[in-house]
Every structure is written in structure tokens, then in C-alpha cells.
Number of protein chains: 2
Amino acid sequence: MQFKIMTVEDDRAIREMIAENLTKWQFEAFTTTNFSNVLEDFLAEKPHLVLLDINLPIYDGFYWCQKIREVSKVPILFISSRNNNMDMVMAMNMGGDDFISKPFSIEVLIAKINATLRRSYDYVDLQTDILEHQGIILNLDSGTLKINEQIIDLSKNEYKLLHILMKNHGKIVSRDKLLRSLWDDERFVDDNTLTVNINRLRKKFESAGVGHFIETKIGQGYIIP
Amino acid sequence: MQFKIMTVEDDRAIREMIAENLTKWQFEAFTTTNFSNVLEDFLAEKPHLVLLDINLPIYDGFYWCQKIREVSKVPILFISSRNNNMDMVMAMNMGGDDFISKPFSIEVLIAKINATLRRSYDYVDLQTDILEHQGIILNLDSGTLKINEQIIDLSKNEYKLLHILMKNHGKIVSRDKLLRSLWDDERFVDDNTLTVNINRLRKKFESAGVGHFIETKIGQGYIIP
DNA sequence: AATTCAGCTAACAATTTTGTAAGATACACA
DNA sequence: TGTGTATCTTACAAAATTGTTAGCTGAATT
């Protein structure tokens with residue numbers, strides 16, 4: 001099931017960041033900047049969930065929450081600029097379903113959205129799980145890789161390696177950790193087997209036109225910067 | 001990273017339910033029922049996160065939160081029996097990191113725990129992603145299956161099939177949907193190929209001593225009830 | 001600059017995975 | 001109950017994955 005999410009947020013940078021990430025996570029995202037009549041856009045688009053900033057020009061988020069509640073039980077997730085406890089209580093009393101304070105990480109936002117959707121709709125066909133970094137999308141459902149619209153099939157070893165490295169992007173992952181993650185302690189594999197598997201993974205990236213995704217840190221391990 | 005979580009909750013059923021689920025989600029769980037000295041157990045175990053019920057015998061959750069705060073900055077997630085806004089504000093003022101009201105879904109609890117851990121510890125090595133149903137655990141990271149402590153390796157097709165069926169447990173998934181999920185439209189595969197792959201998956205369950213996990217609904221598809 | 005060692009690459013064989021064919025069952029409906 | 005169709009099972013060959021070996025490359029250290 002494809003959920004449609006409406007974002008009401010006046011800070012353009014945040015608005016665009018949210019929309020971009022929602023799309024990335026396979027939601028249908030749309031934003032409104034018609035702050036004098038949010039309800040109009042809501043009724044026109046009928047989203048499955050509303051992300052509502054509290055600080056808005058003209059009327060505030062609480063006002064629009066009330067307006068929406070008059071016509072719909074759609075789940076509403078409030079976004080607050082400051083970590084204000086009164087806001088949080090207010091938001092909940094208003095009929096808000098959850099509350100997130102800026103600054104927030106996209107992972108937390110997505111987790112909250114998924115949790116709220118799961119609670120509000122009886123849906124079992126969960127969102128596609130993905131891991132994204134620099135335009136490279138790892139699909140956890142199918143174990144495939146998407147690089148500028150090309151779908152690349154990964155073997156199980158390749159998938160496991162990339163999964164670990166992408167989860168830890170920005171940090172060096174030691175060869176030892178990778179070895180222990182892919183092969184049980186009991187099972188003895190040659191140290192070079194890891195190198196070969198990294199090599200195979202890199203070749204797939206190269207064949208898709210991506211040069212240096214996985215970097216070697218000699219003596220330390222590998223990193224996706 | 002393996003996080004240790006301490007649960008302080010007087011309702012035995014809830015306490016055990018939480019502990020069981022924490023373990024399932026790869027946390028190290030321990031509970032205390034020493035309500036006259038929660039701090040003692042806290043100091044002995046040094047957990048990474050505390051789940052603290054507000055209504056407790058002898059002293060309440062707020063008291064223990066203060067006691068813990070005197071010695072530690074460990075993240076504390078409050079559990080409230082009633083959806084009481086004052087409790088929520090109080091909890092936050094006390095130095096609580098998050099707040100969840102009963103009844104809560106395990107998914108939400110886990111999401112909140114993960115979000116809090118992510119905020120509190122600079123860890124990028126996220127929790128293992130799993131899908132669980134009736135004691136059968138599908139590890140999304142490694143593409144393996146865990147059936148009463150046995151680890152069973154799945155091939156890529158077997159993993160994809162099981163993943164879809166487990167995501168949709170309780171619902172019938174049509175053969176057509178499975179076919180389209182596993183094989184691109186362009187790629188023509190025999191209709192029986194799906195049957196064979198289901199058969200192979202079932203054999204792995206049987207070899208682990210599980211009889212009827214995937215049921216056939218003739219003319220409709222397959223279902224994990 | 002020479003040396004050393006960590007990591008890279010290519011080639012090979014063993015193993016596993018995969019799709020298909022062919023015949024066997026079992027269910028649904030007349 | 002009989003018939004047709006959907007699903008199951010087994011066996012087989014093709015294809016992909018995997019671990020190892022052996023030799024190569026390139027960075028770090030002296």
C-alpha cells in the first residue's frame with residue numbers, strides 16, 4: 001500500500017528535506033504552502049497522514065489540527081520547533097497522534113510515521129525497507145541495489161557486506177568485524193575470502209558506473225564515506 | 001552493539017511481555033521486582049536504557065528517576081498506566097527521555113527505544129532488523145531463519161517469498177503477486193516455478209520440525225495464518 | 001629506494017541455487 | 001462420483017555463487 005503524506009511546514013529547507021526523504025522511503029509526498037487555507041489542500045488531496053508544524057504563518061498548527069479534526073480522523077503528527085513540553089501536551093490534547101521535536105533525524109521521523117500508520121490503518125503490507133546513501137539505494141526486501149534507475153542483483157554475501165557497510169557509513173568497519181559477521185566463528189575461511197567478496201561487490205558498482213563507493217583504509221578496514 | 005535494557009514494571013504480564021519482546025528484538029533484557037531498591041539493581045547491571053513504569057509499589061517511577069539521575073545520565077523511557085498529560089510533563093521535567101502510554105503496541109515501544117538509543121548513544125550500528133511470527137524469526141540482515149534456536153540458511157528466492165508472506169501474515173497473498181514480486185514482468189517464468197520454490201521453502205520448515213507454516217488457499221494463493 | 005606486508009585480481013573447482021519438465025495428488029464443481 | 005484444474009513432487013541440467021590458490025599491486029616504513 002502506498003501512503004500519501006501531507007507536509008505543512010513553513011521552513012522551505014526542512015519542507016523539501018522531508019518531502020525528498022518521504023519519497024525516498026516510498027511514500028507519496030506532497031506539501032502545501034497555502035498557509036491561509038491548509039484545509040482546502042487537505043480536502044483536495046485526502047492524505048493518509050499529516051505532518052503539521054506548530055509554528056506557521058497566519059494560523060498555527062493547533063488551529064489547523066482542530067480544523068482537520070472537524071472533518072477527519074486522519075493521523076496527525078506534530079512537528080515542534082522547540083522542545084516545549086506545553087506544546088507536546090497541547091498537541092496530544094488537540095487530537096495529535098504523535099509529536100516530534102526539531103531537530104529530528106529522518107530515521108526517527110520515518111519510524112514515527114510508520115508506527116502511526118500501522119496503528120491507524122490495519123495494514124500489513126509494510127513499507128519497503130531501504131537503506132540509502134548518496135543516491136545508492138539498497139532494497140532490503142529484495143536484496144537488490146538501485147543505482148540511477150539501474151537495478152543490480154546482489155548475491156547473498158554481497159548483500160550482507162553492503163548492508164553492514166551502508167548501516168555504518170561514515171565509520172570504518174574492520175575486516176575482522178566483516179569476517180565475523182559473514183562467517184560463523186566455527187567456520188574457518190581464508191582471510192582473503194573477504195577481500196575477494198569486497199572485490200566482487202566493487203565490480204558491481206563499477207559496472208553501474210560508480211567508481212569509489214567503498215574505500216579501503218589500510219590496516220583499519222573499509223568505509224563508505 | 002548489544003544494548004542492555006532494564007524494565008521496572010510491577011504488572012507481571014506486561015513485564016514479561018516486554019522482556020520477551022526486547023529479547024526478540026535482540027536487546028539484552030532484564031527486569032527488577034525489587035521495588036524497595038531499584039537503584040541497587042540499576043547500579044549492579046548498568047543498563048543502557050531504563051523502561052520505568054510510573055505506578056509502582058512503595059516509591060513511584062518519578063522517585064526512582066530522580067535517584068537514577070543523581071548517579072547517571074542513562075536514557076529513561078517512562079511508561080504510564082493512564083494517558084495522563086500531567087504525568088507526561090512531569091516525566092519530561094524529571095529528566096525522562098521519552099514517554100509511552102499504556103496500552104502501547106510493541107512496535108511503538110521498540111521504535112521509541114531505538115530512537116532514544118540512537119539519540120543517546122552515537123551508534124550507527126543499528127539494531128538487527130527482524131520479522132517475527134509465532135516463534136519463527138526472519139533475520140532481515142542476514143537472510144536467515146531462526147526456528148527454536150536452529151539457524152536455517154535461506155536462498156534468495158526462499159527469503160523473498162518468506163519475507164512477503166510474513167509481512168502479510170494473516171492475509172492471503174496471491175500466486176500472481178508472488179510471481180510478480182520475485183520475477184520481473186519481462187522475465188517469463190513457468191507458473192510452476194513458484195510452486196517449486198514454495199515447496200523448497202516448506203521443506204526447510206519441515207526439516208526444522210515445523211509442519212504447517214505456509215498454507216495453500218486453492219484458487220486464491222498462500223497464507224501464513 | 002628497498003623492503004615488507006596488506007590488500008587486490010584472476011582463474012579454477014566445488015557447491016548451491018534455480019528453472020523446467022513430467023508425472024502424481026488433491027481439491028472443487030458438476 | 002467423476003472430471004478438470006490447481007497444486008505438489010521429484011529429478012535433472014543450466015546457471016550462479018562461493019572459497020581457495022597463486023601471483024600481483026601499491027602503500028607504509030625503514
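Just so we're on the same page: letters track the sequence lines, and every chain starts at 1.
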What is the distance from [atom1] of [X] to [atom2] of [N], rounded to the nearest Å?
{"X": "B:D153", "N": "C:dT17", "atom1": "CG", "atom2": "C1'", "value": "12 Å"}
{"X": "B:L201", "N": "C:dT17", "atom1": "CG", "atom2": "C1'", "value": "14 Å"}
{"X": "A:N157", "N": "C:dT17", "atom1": "CG", "atom2": "C1'", "value": "14 Å"}
{"X": "A:E158", "N": "D:dG19", "atom1": "CD", "atom2": "C1'", "value": "14 Å"}
{"X": "B:D176", "N": "D:dT7", "atom1": "CG", "atom2": "C1'", "value": "16 Å"}
{"X": "A:K204", "N": "D:dT18", "atom1": "NZ", "atom2": "C1'", "value": "12 Å"}
{"X": "B:D190", "N": "D:dC8", "atom1": "CG", "atom2": "C1'", "value": "13 Å"}
{"X": "B:L182", "N": "C:dT17", "atom1": "CG", "atom2": "P", "value": "15 Å"}

Using a distance-only test with no angle check, is there a side-chain donor-acceptor pair under 3.5 angstrom linking B:R15 and B:T32?
-> no
Regarding the side chain of B:R200, the nearest nucleotide among D:dC8, C:dG19, D:dT18 is C:dG19
Salt bridge (Lys or Arg N to Asp or Glu O under 4.0 Å) with B:E206: which residues, sequence neighbours excluded?
-> none
Expected list for residues 214-225 of chain B near DNA chain C, using heavy atoms below 4.0 Å, is B:I218
Strand contacts (DNA chain C) in residues 191-199 of chain B, 4.0 angstrom heavy-atom criterion | B:N192, B:T193, B:V196, B:N197
Exceeds 12 heavy-atom contacts within 6.0 angstrom, atom NZ of B:K24 = yes
What does the inter-axis angle of the helix from C:dA1-D:dT30 to C:dA30-D:dT1 come out as, five pairs per end, nearest 10 degrees?
-> 50°
Determine: side-chain N/O of [X] to OP1/OP2 of [N], distance under 4.0 Å, yes or no.
{"X": "A:R202", "N": "C:dC8", "result": "yes"}
{"X": "B:K203", "N": "D:dT10", "result": "yes"}
{"X": "A:W183", "N": "D:dG19", "result": "yes"}
{"X": "A:R175", "N": "C:dG7", "result": "yes"}

Looking at every heavy atom in both [X] and [Y], which two are closest together, and how far apart are they?
{"X": "A:H169", "Y": "A:H133", "value": "ND1-CE1, 3.2 Å"}
{"X": "A:K204", "Y": "A:D153", "value": "NZ-O, 2.8 Å"}
{"X": "A:D11", "Y": "A:A13", "value": "OD1-N, 2.9 Å"}
{"X": "A:L161", "Y": "A:I198", "value": "CD1-N, 3.9 Å"}

What pairs with A:E20 under side-chain hydrogen bond (donor to acceptor under 3.5 Å, both in side chains), at least two apart in sequence or on another chain?
-> none
Ring pair (Phe, Tyr, Trp, His ring centres under 6.0 Å) pairs touching residues 206-225 of chain A, sequence neighbours excluded, are A:F205-A:F213
Is A:L145 close to A:N139 at the side-chain level, that is, under 4.5 Å between some pair of heavy atoms?
-> no
Fit a plane to each ring of B:F3 and B:F27, take the angle between them on a 0 to 90° scale, and name the class: parallel (under 30°), tilted (30 to 60°) or perpendicular (over 60°).
-> tilted
Pair B:R200 + B:E158, salt bridge at N-O below 4.0 Å | no
